Amino acid sequence: QLEESGGGLVQIGDSLRLSCTASLRPYNTYAMGWFRQAPGKEREFVAAITWFGGDAFYSDSVKGRFSISKDNPRSAVYLQMNNLKPEDTGAYYCGLTKESAIMNKNVYESWGQGTQVTVSS
């Protein structure tokens, strides 16, 4: 089970830090990732981090503004979001995958319930 937290209503240029914790220690996990979904749109990749190597990957739209990190002993992954824009609005989900195609939402086998981020203009 994954659980996200940290969303909220913010202004343009503000920052938020999302957290995702796993109730059980991730077993045989290759990576954990963050995706977001705006109303009427498909869930899209935001960032991912390999569980043991710590390699981070970002979508072009958030590169330079968002930072993903992890805490293995806590079975947690975080998403620091800076300089937020209205187009960052959406429900943010974390997931875990045992596969290497970490930008593909279809390889994620577990998802949290999501946390809403709204950036007001």
Side-chain angles (χ1 to χ4, degrees):
Q1 294 277 33
L2 301 175
E3 183 172 1
E4 305 95 337
S5 62
L9 173 63
V10 297
Q11 302 292 318
I12 294 174
D14 284 351
S15 298
L16 279 175
R17 185 178 188 242
L18 305 184
S19 299
C20 172
T21 55
S23 57
L24 298 175
R25 188 172 300 276
Y27 173 72
N28 204 24
T29 295
Y30 181 81
M32 292 188 72
W34 287 97
F35 287 70
R36 67 188 180 192
Q37 189 167 14
K41 294 190 176 181
E42 294 220 353
R43 191 169 297 191
E44 65 173 1
F45 172 77
V46 175
I49 188 165
T50 57
W51 195 241
F52 294 104
D55 296 322
F57 301 86
Y58 300 94
S59 69
D60 288 342
S61 63
V62 306
K63 201 171 293 183
R65 300 187 297 123
F66 290 13
S67 177
I68 189 170
S69 60
K70 63 183 178 69
D71 185 336
N72 291 51
R74 295 180 183 271
S75 300
V77 63
Y78 308 100
L79 186 68
Q80 177 66 42
M81 306 187 296
N82 298 326
N83 191 22
L84 283 161
K85 303 177 180 181
E87 51 263 43
D88 296 318
T89 295
Y92 282 68
Y93 299 88
C94 73
L96 64 83
T97 180
K98 297 178 182 178
E99 301 188 31
S100 60
I102 58 177
M103 296 185 184
N104 183 352
K105 62 181 183 295
N106 295 318
V107 308
Y108 284 77
E109 58 186 55
S110 295
W111 295 100
Q113 82 291 344
T115 186
Q116 180 67 33
V117 172
T118 303
V119 184
S120 173
S121 57

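Excluded from the calculations below are hydrogen atoms, water molecules and symmetry mates; all remaining heavy atoms, backbone and side chain alike, are included. If you're wondering where the values come from, they're calculated on a predicted model, not measured in any experiment.
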Using every non-hydrogen atom in the two residues, find where S15 and N82 come nearest and quote the distance to one decimal.
OG-OD1, 3.0 Å
Hydrophobic clusters here meaning ILVMFWY residues chained together by side-chain heavy-atom distances under 4.5 Å, can you tell me if M81 and V10 are in one?
yes
Taken in chain and number order and not counting sequence neighbours, the residues that satisfy salt bridge (charged side-chain N to carboxylate O under 4.0 Å, His left out) with K98 are E109
Can you tell me how far apart CD (Q116) and CD (Q37) are? Round to the nearest 0.5 Å.
10.5 Å
Following the transitive rule for hydrophobic clusters with a side-chain heavy-atom cut-off under 4.5 Å over Ile, Leu, Val, Met, Phe, Trp and Tyr, establish whether W111 and M103 coincide in one cluster.
yes
So, the side chain of E3 versus the backbone of T21: is there a donor-acceptor pair under 3.5 Å, distance only?
no
Nearest heavy-atom neighbours spanning Y78 and S19
CD2-OG, 3.4 Å
Shortest non-hydrogen pair, D71 vs P73, comes out as OD1-CD, 2.9 Å
Reported OH-to-CG distance for the pair Y30 and L96, which is rounded to 0.5 angstrom
14.0 Å
Can you tell me how far CG of L2 sits from OG of S110, rounded to the nearest 0.5 angstrom?
5.5 Å
Does a donor on one side chain sit under 3.5 Å from an acceptor on the other, for N83 and K85?
no
What about Y58 and M32, same hydrophobic cluster or not, with Ile/Leu/Val/Met/Phe/Trp/Tyr joined at side-chain heavy-atom distances under 4.5 Å?
yes
Shortest non-hydrogen pair, L16 vs L84, comes out as N-CD1, 3.9 Å
Hey, what do you get for CD1 (I102) to OG1 (T50), rounding to the nearest 0.5 Å?
7.0 Å
Do the charged groups of D60 and K63 touch, with an N to O distance under 4.0 Å?
yes
Calculate, to the nearest 0.5 Å, the distance between atoms CD and CH2 belonging to E4 and W34 respectively.
5.5 Å
Note: S69 and I49 closest approach over all heavy atoms is CA-CD1, 4.0 Å
Derivation of the side chain to side chain contact (heavy atoms under 4.5 Å, CB included) call for E87 and S61:
CA-CA 9 Å; E87 51 263 43; S61 63; over 6 Å; no
Would you confirm whether N72, through its side chain, and W51, through its main-chain N or O, come within 3.5 Å as a donor-acceptor pair?
yes
Measuring from Y92:OH to L79:CG, what's the distance to the nearest 0.5 Å?
7.5 Å
Listed partners of R17 passing salt bridge (charged side-chain N to carboxylate O under 4.0 Å, His left out), at least two apart
none
Main chain of A22, side chain of S75: is a donor-acceptor contact present, judged purely on distance under 3.5 Å?
no
List the steps, then state whether side chain to side chain contact (heavy atoms under 4.5 Å, CB included) holds for S5 with T115.
CA-CA 6 Å; S5 62; T115 186; 5.5 Å; no
Test of ring centre spacing under 6.0 Å for F35 and Y108
yes
